[in-house]
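Please read the structure below before turning to the comments.
All values reported here derive from a predicted model rather than from experimental measurement.
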Amino acid sequence: FKTTADGATTPTTRMTINSSGNVAIGTSDGSAAKLSIDNVLSGDVGIKITQDQAEIGLKIDQNGNNRAIYIDSESTTYDAIRIQGSKYGIYSQQDLADGYAGYFTRDLNETGSNPLVFIKDDHTANTQPALKIQQDGAGYGIHLDQNGNNIGLLIGSDSTTANVLYVSADAVTTGSAAYFYSASTALASTATGGLVEIISAGDTDTNVNNLLYIHNDHADSTGTTALKVKQDSTGAAIIVEGGNIVIGTAGKGIDFSAQTSANSVSGVTTGDEVLDHYEEGTWTPTWSGANASNATYTRIGRVVYASGQFA
């Protein structure tokens, strides 16, 4: 099929159908595909489909073992694919064994900050999640396989009052809301830190806050231990460097209930094993016919140690 441009006298081939039925538009070579389009004019779209009916705009029935759509883009500042105005931008249903609903890969020796996949919910009033994963099977919800020597999961938050990380595990029974495990034999090479490390580097001045807060928020959960440390080796169970251990509730203290008569000193009967009081101070002794000075006392539980100088 040929047309003659305005002002020209010689017709130009615009479309060719070869003997195999291949259609070539803008080129005379239709051997590469059933439909080949080339030499698109500046400002024109390569292919445009306007579908006003309630039917699929473009359907590809790929029965052969190859890609249904292949896009080779040399664009450096524009998207290779853009979907706009649809309620569901992309819907992918994967029902073949050992396949992927989406697969993203990059093989570049490049120093930069662009992630392989970037999700942006760009409206400050939108309260919907940017990413939700629903796993109804017995597999992992998210699996991070960090093979490089860097952080596996990094969360940067500008939140001031909401939690940065929130784990809800109302259905858990014998499991845990969070589980940290390491079989590393090189943890000893770390002078500070450990399997779990909590650091606050901000100058909070006199503001009262906690680096770690544990709250058993049900008064009837009397069998729940707020914090349990199990040490199977001969190393220290707890080491405190700097600061004091504070008992913040009156009548509470250190419970030695595991100390039974069987492993106590002979003749000792165990009773109330809560050490709930410690106090240091001074006292004024009365000594008939003499002077007393430097009188101090130390109370540990129900025992008071008193001392002084008498002359």
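Under a 3.5 Å cut-off, the side chain of E110 and the backbone N or O of G112 do not form any donor-acceptor pair. Remark: side-chain polar atoms of N22 are paired, donor with acceptor, to backbone N or O of G30 under 3.5 angstrom. Under a 3.5 Å cut-off, the side chain of N126 and the backbone N or O of Q128 do form a donor-acceptor pair. Looking only at distances, a side-chain donor or acceptor of S75 sits under 3.5 Å from a matching main-chain atom of Y78. Side-chain atoms of N39 come within 3.5 Å of backbone N or O of G26 as a donor-acceptor pair. N163 places no side-chain N or O within 3.5 Å of a backbone atom of Y166 that could act as its donor or acceptor partner. Distance alone, capped at 3.5 Å, is enough to place a donor-acceptor pair between the D203 side chain and the D205 backbone. Using modelled atom types, one side-chain atom of Q135 and one backbone atom of G137 make a donor-acceptor pair closer than 3.5 Å.
The two residues G46 and I37 make their nearest non-hydrogen contact at O-CD1, 4.2 Å. When all heavy atoms of I199 and E197 are compared, the pair lying nearest together is CD1-OE2, 2.9 Å. Residues K120 and D122 come closest through the heavy atom pair CE-OD1, 3.3 Å. In plain terms, the two heavy atoms of I83 and S86 that are nearest each other are CG2-CB, 4.3 Å.
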- Task: Decide yes or no on side chain to side chain donor-acceptor pair (under 3.5 Å) for S307 and T296, but give the supporting numbers first.
- Result: CA-CA 5 Å; S307 65; T296 62; 3.0 Å; yes
- Could you walk me through whether D29 and S31 pass the side chain to side chain donor-acceptor pair (under 3.5 Å) check? CA-CA 6 Å; D29 184 10; S31 61; 2.6 Å; yes
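Crowding of R106 atom CZ: a count of heavy atoms from other residues, nucleotides or ligands under 6.0 Å exceeding 12. L144 CG: more than 12 foreign heavy atoms inside a 6.0 Å radius. Atom CD of Q51 sits in a crowded spot, with more than 12 heavy atoms from other residues, nucleotides or ligands closer than 6.0 Å. Heavy-atom contacts from other residues, nucleotides or ligands closer than 6.0 Å to CD1 of I90 number 12 or fewer.
Inter-residue side-chain proximity for T4 and T12 is flagged as unmet; no heavy-atom pair is nearer than 4.5 Å. With contacts defined as side-chain heavy-atom distances shorter than 4.5 Å, the pair V304/T298 does not qualify. Contact annotation: the side chain of Y278 never approaches that of I247 to less than 4.5 Å [non-hydrogen atoms, C-beta and beyond]. By the 4.5 Å heavy-atom criterion applied to side chains, R14 and K2 are not counted as neighbours. Within the 4.5 Å cutoff, the side chain of V23 has no heavy atoms near those of the T16 side chain.
Going from atom CD1 of I60 over to atom CG of N63 covers 12.0 Å, rounded to the nearest 0.5 Å. Distance check: D79 CG to I71 CD1 gives 11.0 Å after rounding to the nearest 0.5 Å. Taking CD1 of I25 as the reference point, atom OG1 of T13 lies at 13.0 Å (rounded to 0.5 Å). The OH atom of Y100 sits 8.5 Å away from atom CG of D98, with the distance rounded to the nearest 0.5 Å. Rounding to the nearest 0.5 Å places CG of N209 at 6.5 Å from OG of S200. Going from atom CD of E279 over to atom CD1 of I300 covers 11.5 Å, rounded to the nearest 0.5 Å.
Relative orientation of the Y179 and Y181 rings is parallel, given thresholds of 30° and 60° on the angle between their planes.
Under a hydrophobic clustering in which Ile, Leu, Val, Met, Phe, Trp and Tyr are joined whenever their side-chain heavy atoms come within less than 4.5 Å, directly or via other members, V229 and I245 fall into the same cluster. If you chain together hydrophobic residues whose side chains sit under 4.5 Å apart, V40 and F1 fall into the same group. Linking Ile, Leu, Val, Met, Phe, Trp and Tyr residues whenever their side-chain heavy atoms come within less than 4.5 Å places L227 and I198 in a single cluster. No continuous path of ILVMFWY side-chain contacts below 4.5 Å connects V167 to V196, so the two sit in separate hydrophobic clusters. I49 and M15 fall within the same hydrophobic cluster, where Ile, Leu, Val, Met, Phe, Trp and Tyr residues are linked whenever their side-chain heavy atoms come under 4.5 Å apart, directly or through other members.
S233 and Q231 share a donor-acceptor pair across their side chains, judged by distance under 3.5 Å alone.
Scored by the side chain to side chain contact (heavy atoms under 4.5 Å, CB included) test, V303 finds Y305 as partners (sequence neighbours excluded).
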